[in-house]
Each structure stands twice: as structure tokens, then as C-alpha cells.
Amino acid sequence: MLIRTRRNRQSKAVRALNRETYLMPEQLVYPLFLMDGKGIKSEVPSLPGNYRWSLDLLLPEIESCLELGLKSFILFPAVEAKYKDKTGTHGYASDNYYLKVASEIKKRFPEACLISDVALDPYNIDGHDGVVRNGKIVNDETLDILAKMAVAQAEAGFDILGPSDMMDGRIRKIREALDDSDFKDVGIMAYTAKYASAFYGPFRDALDSAPVEGKDIPKDKKTYQMDPANKKEALREAMLDYNEGADFMMVKPALNYLDVIHLMEENFDIPIAAYHVSGECAMLIAACRNGWLDFDKAMPETLLSIHRAGAQIILTYFAKKYAEMWRERQGDFG
Ligand code: PBG
């Protein structure tokens with residue numbers, strides 16, 4: 001045998017030389033659920049270790065993340081029922097606490113990168129990402145609302161906006177609205193290939209944002225989110241978002257869609273992000289709680305796999321845990 005691949009695995013130091021992929025805490029984005037009020041840190045039952053935070057308790061949490069080198073956060077609001085209506089007007093209302101919280105965080109930690117959520121579902125009584133009329137999600141009427149939300153979020157100080165709605169034409173609409181309002185430096189991380197997945201459950205529990213049951217309300221999001229059977233269609237979505245001015249393109253979920261992440265990474269020259277969604281994290285937590293898997297090993301392996309597939313950026317509920325582990329082990333996961 002002239003060639004022995006095991007030679008490059010013989011010691012920790014040699015394995016480190018042979019390692020192809022590293023994932024740094026600053027490549028992660030930490031999703032945070034917000035609630036209006038004070039003194040709130042309420043655990044999401046289906047996503048243990050994750051909380052709905054009020055601003056006062058969230059600030060020290062963000063500070064501790066920044067100290068760990070975790071710099072980016074994506075914020076999602078839990079919205080009280082009284083603020084929900086057919087067209088999600090509270091999404092851009094001046095008294096929307098979500099916008100105020102973002103401004104406060106930016107004031108306190110200007111170095112943090114804040115990513116928003118642009119979609120109607122937290123504000124919509126029907127629990128859909130777009131306006132529902134006669135049993136259908138109306139695309140173009142929704143675009144006008146998304147554009148208003150986007151400008152309000154840029155005014156609040158978000159660095160990057162995250163349209164998660166999957167309406168057609170929204171990246172261009174949002175880009176134009178931002179430029180017209182002179183927010184030329186505010187970026188867009190498009191949810192480009194967002195699938196109609198069964199893995200969003202804990203997230204919808206956290207925000208109480210699942211599609212509402214009722215006559216003339218579609219019971220799922222399949223007319224706008226993608227069919228899990230499709231891959232070529234992801235390229236079509238990506239071509240559109242790229243040409244409409246997206247700065248980052250996301251695949252969501254992550255683990256069941258590693259092929260899609262890889263495909264996007266090979267075909268586009270802007271950073272590809274993957275959303276390691278709530279249900280994917282919940283599965284791992286559950287197995288570890290049962291003693292079936294070792295969290296300290298399975299979690300970093302999972303994130304590394306998503307990164308290796310081609311995601312430069314990973315949005316994950318494990319971001320802080322990973323950053324803590326990174327510090328403890330000084331980046332040594334070999
Ligand atoms: C909705 C939105 C969802 C998630 C992020 N934004 C859920 C959905 O589409 O119903 C899911 C994220 C997660 O599960 O962690 N605009």
C-alpha cells in the first residue's frame with residue numbers, strides 16, 4: 001500500500017492539520033423570542049433551554065453572548081392577540097414593542113448585528129405569512145405590507161432584514177422600499193428556499209403563530225412555502241432572490257436539506273445561510289434528555305455538518321451553547 005489514509009488521522013495534531021472545516025461562533029446567528037413586559041424569561045416547553053424574553057432580562061443575555069464572540073441575533077416577537085388583525089398593521093405601528101426593543105438593543109450594543117423577521121404571521125389573526133382573502137393568500141397586497149414593515153424595522157435600527165414569508169417579488173419590493181427611504185446599507189437575508197416543513201412546531205408554540213383553524217383559512221402554508229420533494233425549484237427561487245437584490249440567501253430547515261444547501265453554495269457567489277430550525281433542535285434535545293445521545297458530541301457534529309454542506313452562516317438555537325463550548329475547548333473539536 002503506497003497510500004494509507006489513516007496516516008492523516010494518527011494524532012490530534014495531525015488530525016488538526018487534516019481538518020477541512022471550522023465553524024466559528026461569529027458565523028452563527030442566535031434566534032431570540034421576545035415578549036412585551038418586564039421580568040419575563042419564560043421557557044418554550046417544546047424547546048427546552050430557549051426562552052421568551054422581556055427586554056430587561058434580554059440585555060444581559062445578549063451581553064454574555066457578545067462576550068463569547070457570538071455577534072448576530074435574529075429577533076422574533078410574540079404578539080398579544082389584541083394587536084392581531086387581518087392585515088398585520090401592528091407590524092409597522094409606531095407603538096410596536098418589537099421595534100422599540102430592537103432600538104434599545106442597538107443603542108446599548110451597537111456592535112451587535114440584529115436581523116429582523118419580515119412576515120405577517122405574528123401579527124395576523126389567521127396565522128399566515130400573508131393576507132388571507134376568500135381562502136387564499138393574496139400575494140401582491142401582502143407585498144405592500146411587507147415593504148412597510150421593512151422600512152419600520154430599518155428605522156428601528158435592524159442591520160439586516162429577514163423576509164420569511166415566501167411571497168413572490170418581495171425581495172425587490174423590500175429593496176426598493178429601503179432604497180427609497182435612504183436605508184441603502186440595510187441588508188436583506190432572504191428566506192430563499194423555505195420549505196413547508198413539519199419541523200417548525202416549537203417555533204409556532206413559542207409565538208402562538210400557527211395557522212388558525214377556520215372556514216376559509218388555509219390549514220397549511222403549502223401555497224407559498226416549498227414542497228420538500230423539490231430541489232431544482234430552489235435554484236429558481238434563488239435566481240429570483242439573487243437578481244432582486246438579496247445579500248444573503250437562506251435554506252430552511254437545514255438537516256433534511258443539506259443537498260439544497262450544497263446546490264445553492266455551488267451556484268451562487270453570495271453567502272448561503274441555513275436555518276437549523278426549532279424542530280430539528282428539539283429532536284436532538286429530546287434524544288439527549290433520554291440519554292440516547294451525548295449532547296456535547298452530537299450538537300457540534302450537527303452544526304459542523306450543516307457548515308460542511310455549504311452554509312457559511314447557521315441560524316441555530318444552539319448558538320450560545322456552541323460559543324460556550326468553543327471557548328472551553330479553545331476551538332478544539334477534534
Ligand atoms: C414564520 C417563520 C417560521 C419560522 C421562522 N419564521 C415558521 C413558519 O413558517 O411557520 C420557523 C423557525 C423555526 O422553526 O425555528 N414567518
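Below, each value reflects all heavy atoms present in this structure, side chains not excepted, and no hydrogens, waters or symmetry copies. Note that ligands are numbered from 1 as they come in the structure, with each ligand's atoms numbered from 1 the same way.
- The backbone N or O of Met24 lies less than 3.5 Å from a partner atom in the side chain of Gln27, making a donor-acceptor pair.
- When ring centroids are compared, Tyr22 and Phe333 stay outside the 6.0 Å threshold.
- Cation-pi contact between Lys252 and Tyr191: absent, since separation from the ring centre below 6.0 Å together with deviation from the ring axis within 45° is not met.
- Sorted by chain and number, the heavy-atom contacts of ligand 1 below 4.0 Å come from Ala119, Asp121, Asp129, Ser164, Lys194, Phe199, Tyr200, Phe203, Arg204, Lys221, Gln225, Lys252, Tyr275, Val277, Ser278, Tyr317.
- Tyr257 does not carry Lys194 over the face of its six-membered ring by the limits of under 6.0 Å from the centre and within 45° of the normal.
- Inspection of the Asn96 and Tyr123 side chains reveals an N or O donor paired with an N or O acceptor under 3.5 Å.
- Atoms CG and CG, from Leu75 and Leu34 in turn, are 5.0 Å apart once rounded to the nearest 0.5 Å.
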